[in-house]
Amino acid sequence: MCTLGVLVVALIVLAAALIPWHRPPAPRSDQLGALAQLPRDQVDRARAFHAELRPGSYGSMAVALLAALVLGLTPLGARLVSLAGRPFGDNWIAQAVFGGLAVVLVIEVITVPLAAWRHVIAVRYGISTQSWGGWVIDLAKAWAVGAVIGGLALLGFYTVVRFAPSWWWAFGAVGAAALVVLLSFVLPVIVEPIFNKFRPMADGPLRSELIAMADRDAVPVRDVLVADASRRTRAVNAYVSGFGPTRRIVVFDTLLKEAEPDEVVSVVAHELGHAKDNDVLVGTVIGALGSAAVVIALYLLGSWAWLLRLPGVTSIGEPRSVGLLIAVTTLAGLVAGPAQSFVTRRIEARADAHALALTGDPATFESMQRRLGTVNLSDPDPPAWEHFLFASHPSTVERMAAARAYARGER
Ligand SMILES: [Zn+2]
């Protein structure tokens with residue numbers, strides 16, 4: 001309880017210190033002005049697209065939550081774990097790995113029809129360029145990656161529980177934090193290539209300009225890579241991943257095709273902002289502390305006898321209670337979601353401000369945002385409740401308004 005308290009306080013202090021509380025100005029009047037200048041039919045089409053996606057997206061969240069609650073708070077999950085462990089030796093290792101994976105798989109499988117429905121809509125609106133074959137292969141790859149990482153995590157967790165029955169919460173917390181840090185290093189180099197091919201951006205004026213800008217910004221970047229995103233989508237994007245020796249800037253090939261070189265510079269300037277402010281590192285540290293706190297919270301929940309009675313397990317440390325763990329973490333994830341979105345929106349707004357300052361070119365920044373919104377068919381000014389609950393980035397009109405405010409000298 002004491003350790004959990006310390007972790008939570010550390011999280012709050014870190015968050016208070018690291019979250020950019022100052023939001024660069026993006027006046028609503030500028031937002032409405034920007035919105036009025038967007039072609040009406042385009043805005044309508046983007047809104048229609050999102051209206052069609054909504055039932056599938058929220059339905060999927062609801063179904064996943066419901067399934068997790070049923071598997072975790074009734075004896076069904078525990079029964080499934082026993083059943084899945086039987087063909088593999090019927091011991092605790094088989095139950096931990098195959099039972100855990102079976103519970104996750106059930107939740108994944110029942111949400112597949114809703115994901116397929118969203119795919120149909122994305123294809124109809126021309127966002128996805130993926131055939132059903134490619135879509136299924138992507139899904140299988142994602143499940144395979146999840147099974148390997150999840151299987152190892154489950155095995156590690158239940159091994160610790162078994163050999164340190166009264167101290168597993170401490171080892172588990174350290175292990176969960178270490179796993180988050182490890183994944184942050186490893187995902188870009190090992191997992192991303194499973195889904196996309198990356199090549200260094202070809203030599204030429206654009207590459208030279210990007211490298212020169214990174215130098216000017218004093219941001220060490222290992223490389224600028226181009227991902228073959230066009231194999232599955234028309235959407236354009238760029239991101240920075242990894243930190244230290246694995247940090248790289250990745251640009252979608254679709255962005256190079258769709259956008260003017262100046263706009264690509266603007267996008268990369270935004271990504272350099274993330275690198276400069278160590279946003280990946282900060283996210284990793286907060287994620288690591290958060291997962292350590294979750295492990296300890298789960299341990300404390302294990303003393304609630306009435307909770308253990310629901311699935312009919314004797315302790316939260318036995319593999320048969322994995323459904324309960326998943327139910328609690330799914331619920332916690334949903335509750336924490338809006339706070340997480342709030343933080344990422346602030347971080348994204350700061351990276352936008354960095355891009356504006358670094359390029360000194362708000363006009364190109366605004367045209368880039370307009371293009372990003374158009375190509376990606378994003379709702380430029382989404383409903384406030386949806387934006388508040390789920391949006392990871394400021395809206396298109398907010399970002400355009402930030403450029404207009406910057407151009408007037410407002411910071
Ligand atoms: Zn960003």
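Fair warning: this is a prediction, and the values are worked out from it, not measured in the lab. When a ligand or atom number is given, it counts from 1 through the structure's own listing order. Hydrogens, waters and symmetry mates play no part in the numbers below; they use all other heavy atoms, side chains included.
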> Can a cation-pi geometry be assigned to Arg411 and Tyr406, taking NZ or CZ under 6.0 Å from the six-membered ring centre and within 45° of the ring axis?
Replying inline: yes
> Excluding sequence neighbours, so at least two apart, what forms side chain to side chain contact (heavy atoms under 4.5 Å, CB included) with Phe171?
Replying inline: Val160, Ala164, Trp167
> Between Phe157 and Trp168, is a ring-ring contact (aromatic ring centres under 6.0 Å, His included) present by the stated rule, with each step listed?
Replying inline: CA-CA 8 Å; Phe157 177 70; Trp168 66 258; 5.3 Å; yes
>> Restricting to distances shorter than 2.8 Å, give the number of protein N, O or S atoms close to the Zn ion (ligand 1).
In response: 3
Can you give the donor-acceptor pairs under 3.5 Å from side chains of residues 183-196 to other protein atoms, not counting sequence neighbours?
{"from": "Ser184", "atom 1": "OG", "to": "Thr284", "atom 2": "OG1", "distance (Å)": "2.9"}
{"from": "Glu192", "atom 1": "OE1", "to": "Tyr239", "atom 2": "OH", "distance (Å)": "3.0"}
{"from": "Glu192", "atom 1": "OE1", "to": "Arg248", "atom 2": "NH2", "distance (Å)": "2.9"}
{"from": "Asn196", "atom 1": "OD1", "to": "Arg232", "atom 2": "NH1", "distance (Å)": "3.0"}
{"from": "Asn196", "atom 1": "ND2", "to": "Asp228", "atom 2": "O", "distance (Å)": "3.4"}
{"from": "Asn196", "atom 1": "ND2", "to": "Asp228", "atom 2": "OD1", "distance (Å)": "3.0"}

>> Check the orientation of His119 and Trp132. Use parallel for under 30°, tilted for 30 to 60°, and perpendicular for over 60°.
In response: perpendicular
>> Among residues at least two apart in sequence or on other chains, which ones pass ring-ring contact (aromatic ring centres under 6.0 Å, His included) with Trp21?
In response: none
